[in-house]
Amino acid sequence: MEEQLHAAVAAILRQYDHRRGNLLPVLQAVQARLGYLPPEAMEQIASAFGVPPVDVYSVATFYAQFRLKPPGRHQFKVCLGTACHLMGGHTVLDCFERRLGIKEGETTPDREFGLERVACVGCCALAPVVVVDGRVEGRVSPTRVDGLLLSFSLEKSRRETPATPTNGGGGSPYGA
Ligand code: FES
């Protein structure tokens, strides 16, 4: 796994001059490839650019676009812009946190779900809004949170369990 990561980053590094101005596009390309910026990748980039690792960490942590932890297979982005905040966005976020057992910015240990808070996504009339894997869900209630988690948990069960007529299924590990 570590070798694959190293090879993937090396392939991206070969596409760029190692001028400081290219640090940002390299980080973007690595994140697009890996889904996030692992510490090993940032150290490899620092070494290629001939800069201290702290310089790369500084850029990665300065820009909100960069993710330092692996994303979940399904990513929930809870909007806490003004309209969504007024319409109960915090309740929705709390609900996700309790159901998933993680805080915003974290991913479940099985890497199935990731949770983030975001600013206005431009659909205020639908507040409170959650962006689920890039799709906007409007007027989200705690019941809707349960429904979303249940549908994804069922999908996961189907993925992991060979289809047999005797499969009794099972409850969601996320309490939905
Ligand atoms: S404040 Fe949430 S979509 Fe605008």
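All values below come from the heavy atoms of this structure, side chains included, with hydrogens, waters and symmetry mates left out. Whatever order the structure lists ligands and atoms in, that order sets their numbers, starting from 1. Values in this document were obtained by computation on a predicted structure and should not be read as measured data.
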Pairwise side-chain contact, E160 with E155, heavy-atom cut-off 4.5 Å (strictly under): no
Salt-bridge present (D55, R20; N to O < 4.0 Å): yes
Note: R135-E137 ion pair, threshold 4.0 Å (strictly below): yes
Backbone or side-chain N/O/S of C120 under 2.8 Å of atom 4 (Fe) of ligand 1: yes
Heteroatom test (N, O or S) for C123 near atom 4 (Fe) of ligand 1, limit 2.8 Å: no
Backbone N/O of G35 and side chain of R67: donor-acceptor pair under 3.5 Å: yes
Geometric class of the F152/F76 ring pair [parallel <30°, tilted 30-60°, perpendicular >60°]: tilted
Test item: side-chain donor near acceptor, Q28 and Y63, under 3.5 Å: no
In terms of atom number and element, which parts of ligand 1 are under 4.0 angstrom from non-hydrogen atoms of [X]?
X	result
G122	3 (S)
V121	3 (S)
A83	1 (S)

Under 2.8 Å: N/O/S of H85 next to atom 2 (Fe) of ligand 1: no
SG (C84) - atom 2 (Fe) of ligand 1 - SG (C79) angle, nearest 10°: 100°
